[in-house]
Enquirer: 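Pasting in a structure now, in structure tokens, and then I'll have a few things to ask.
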Amino acid sequence: ENNQLKSSKVEQTSGKAVRLIKDGRLGFAASTLVGGESKLVQAALQTAAFGEALPLQFAAPQAGARVRIYDQAIANMPIPRMVAMGREIIDMLLAVDSSVQVNVEVRRSVQETTILNHTGTEAVFRRSPIELTTEISRIEGDDVLLLYTLAGATTAEEDLLEYTRQLCHKLELSKRV
């Protein structure tokens, strides 16, 4: 059972959050309920009474740099491809040291964010992060090796396995200690 796919799931979540400043203090509220924006604002206003003092002035609207953070290829990546990526990561690491236990998590999501402020600034963006989490353990007598890494990207052009090659190198070095 070690070094094998243990689960796969698809889920969809939605949520809203409000951060505001009232009387120089930060307020925050969040909810996963559909609708209810006025209650969310009221909750954030109530927390502001106890929030951290935040002497902040928002800038007027201005153009910002374009950064590519959404990739349809990641947003639509099929689960079999994600499973294959996980298997490839495990195979790469086991090729270096077959005695290790490898746990891999491959997660992708699509996030939509809207930011508004009282000066008229409105920023709306979508992002499509993919995260690869790898945990390696090896126990030999009293010797315990634990390696953990998290890598992420927002475009499919990024080399998603570079961090695994770095882990392979670290695993190779660990044999010499």
Side-chain angles (χ1 to χ4, degrees), residues 1-19 28-37 40 43-44 47 64-115 123-177:
E1 185 175 303
N2 287 338
N3 304 323
Q4 298 297 317
L5 178 67
K6 303 236 184 351
S7 69
S8 174
K9 75 176 175 180
V10 175
E11 65 183 359
Q12 181 175 345
T13 59
S14 178
K16 295 181 180 184
V18 173
R19 285 183 180 83
F28 176 78
S31 175
T32 58
L33 299 176
V34 176
E37 287 82 4
L40 195 58
T47 66
R66 294 272 180 212
V67 178
R68 186 165 179 228
I69 57 174
Y70 181 82
D71 188 335
Q72 195 68 43
I74 290 178
N76 293 336
M77 185 178 291
I79 290 175
R81 173 64 187 124
M82 295 169 63
V83 170
M85 288 174 68
R87 182 77 248 161
E88 185 176 1
I89 292 167
I90 291 169
D91 290 347
M92 288 171 69
L93 292 162
L94 291 177
V96 174
D97 185 343
S98 62
S99 70
V100 297
Q101 180 176 340
V102 182
N103 295 312
V104 175
E105 182 176 331
V106 180
R107 178 184 295 200
R108 68 161 167 77
S109 63
V110 173
Q111 303 166 354
E112 297 182 13
T113 303
T114 302
I115 300 171
V124 179
F125 58 90
R126 286 176 98 188
R127 46 185 239 133
S128 56
I130 185 166
E131 298 172 354
L132 306 170
T133 305
T134 304
E135 179 183 320
I136 302 168
S137 59
R138 181 181 65 211
I139 300 172
E140 294 176 353
D142 291 339
D143 184 31
V144 177
L145 172 71
L146 298 174
L147 295 172
Y148 178 87
T149 190
L150 168 67
T154 55
T155 62
E157 290 86 33
E158 296 178 57
D159 184 355
L160 298 174
L161 295 178
E162 173 57 28
Y163 89 101
T164 304
R165 287 187 284 279
Q166 292 172 10
L167 270 178
C168 287
H169 179 68
K170 289 177 183 178
L171 193 54
E172 191 65 48
L173 291 174
S174 76
K175 292 178 181 181
R176 300 179 198 165
V177 178

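Note that these values count all heavy atoms, side chains included, but never hydrogens, waters or copies made by symmetry.
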Enquirer: Evaluate whether atom CZ of Arg108 has more than 12 neighbouring non-hydrogen atoms of other residues, nucleotides or ligands under 6.0 angstrom away.
Expert: yes
Enquirer: If you measure from the Lys or Arg side-chain nitrogens to the Asp or Glu carboxylate oxygens, is any gap between Arg138 and Asp97 under 4.0 Å?
Expert: yes
Enquirer: Strictly distance-based, threshold 3.5 Å: is any side-chain N or O of Arg68 a donor or acceptor partner for the main-chain N or O of Thr155?
Expert: no
Enquirer: Are any of the side-chain heavy atoms of Ile74 and Thr154 separated by less than 4.5 Å?
Expert: no
Enquirer: Are side-chain heavy atoms of Asp143 and Leu145 found at a separation under 4.5 Å?
Expert: no
Enquirer: How far does CD1 of Ile89 sit from CG of Asn103, to the nearest 0.5 angstrom?
Expert: 12.0 Å
Enquirer: Taking all heavy atoms of Ala44 and all of Ala29, pick out the closest pair and write down the distance.
Expert: N-CB, 3.6 Å
Enquirer: When rounded to the nearest 0.5 angstrom, what is the spacing between CD in Glu135 and CD in Gln101?
Expert: 8.0 Å
Enquirer: Where do Tyr70 and Arg127 come nearest, in terms of heavy atoms and distance?
Expert: CD1-C, 4.0 Å
Enquirer: Apply the test side chain to side chain contact (heavy atoms under 4.5 Å, CB included) to residues Met77 and Gln72: give CA-CA distance (whole Å), side-chain angles for both, the deciding distance (0.1 Å), then the verdict.
Expert: CA-CA 8 Å; Met77 185 178 291; Gln72 195 68 43; over 6 Å; no
Enquirer: Once you round to the nearest 0.5 Å, how far does OG of Ser174 lie from NE2 of His169?
Expert: 10.5 Å
Enquirer: So, do Lys175 and Val96 sit near enough that their side-chain heavy atoms are less than 4.5 Å apart?
Expert: yes
Enquirer: With heavy-atom distances below 4.5 Å as the criterion, would you say the side chains of Leu150 and Tyr163 are in contact?
Expert: no
Enquirer: In Å, rounded to the nearest 0.5 Å, how long is the span from CD1 of Ile130 to CE of Met85?
Expert: 4.0 Å
Enquirer: Which atom names give the shortest non-hydrogen contact between Ile69 and Arg126, and what distance separates them?
Expert: CG1-O, 3.4 Å
Enquirer: Take Lys170 and Ile136 through the test side chain to side chain contact (heavy atoms under 4.5 Å, CB included) and record every step on the way to the result.
Expert: CA-CA 11 Å; Lys170 289 177 183 178; Ile136 302 168; over 6 Å; no
Enquirer: Given 3.5 Å as the limit, does a donor-acceptor pair link the side chain of Thr134 with the main chain of Thr149, or not?
Expert: no
Enquirer: Run Leu171 and Leu93 through side chain to side chain contact (heavy atoms under 4.5 Å, CB included) and show every step you take.
Expert: CA-CA 8 Å; Leu171 193 54; Leu93 292 162; 4.3 Å; yes
Enquirer: So, do Glu105 and Glu131 sit near enough that their side-chain heavy atoms are less than 4.5 Å apart?
Expert: no
Enquirer: Verify, without hydrogens or angle tests, whether Asp71 (side chain) and Ala156 (backbone) share a donor-acceptor contact under 3.5 angstrom.
Expert: yes
Enquirer: Which heavy-atom pair separates Met92 from Cys168 by the least distance, and what is that distance?
Expert: O-SG, 3.6 Å
Enquirer: Please lay out, stage by stage, how Val104 and Leu132 fare under the test side chain to side chain contact (heavy atoms under 4.5 Å, CB included).
Expert: CA-CA 7 Å; Val104 175; Leu132 306 170; 5.9 Å; no
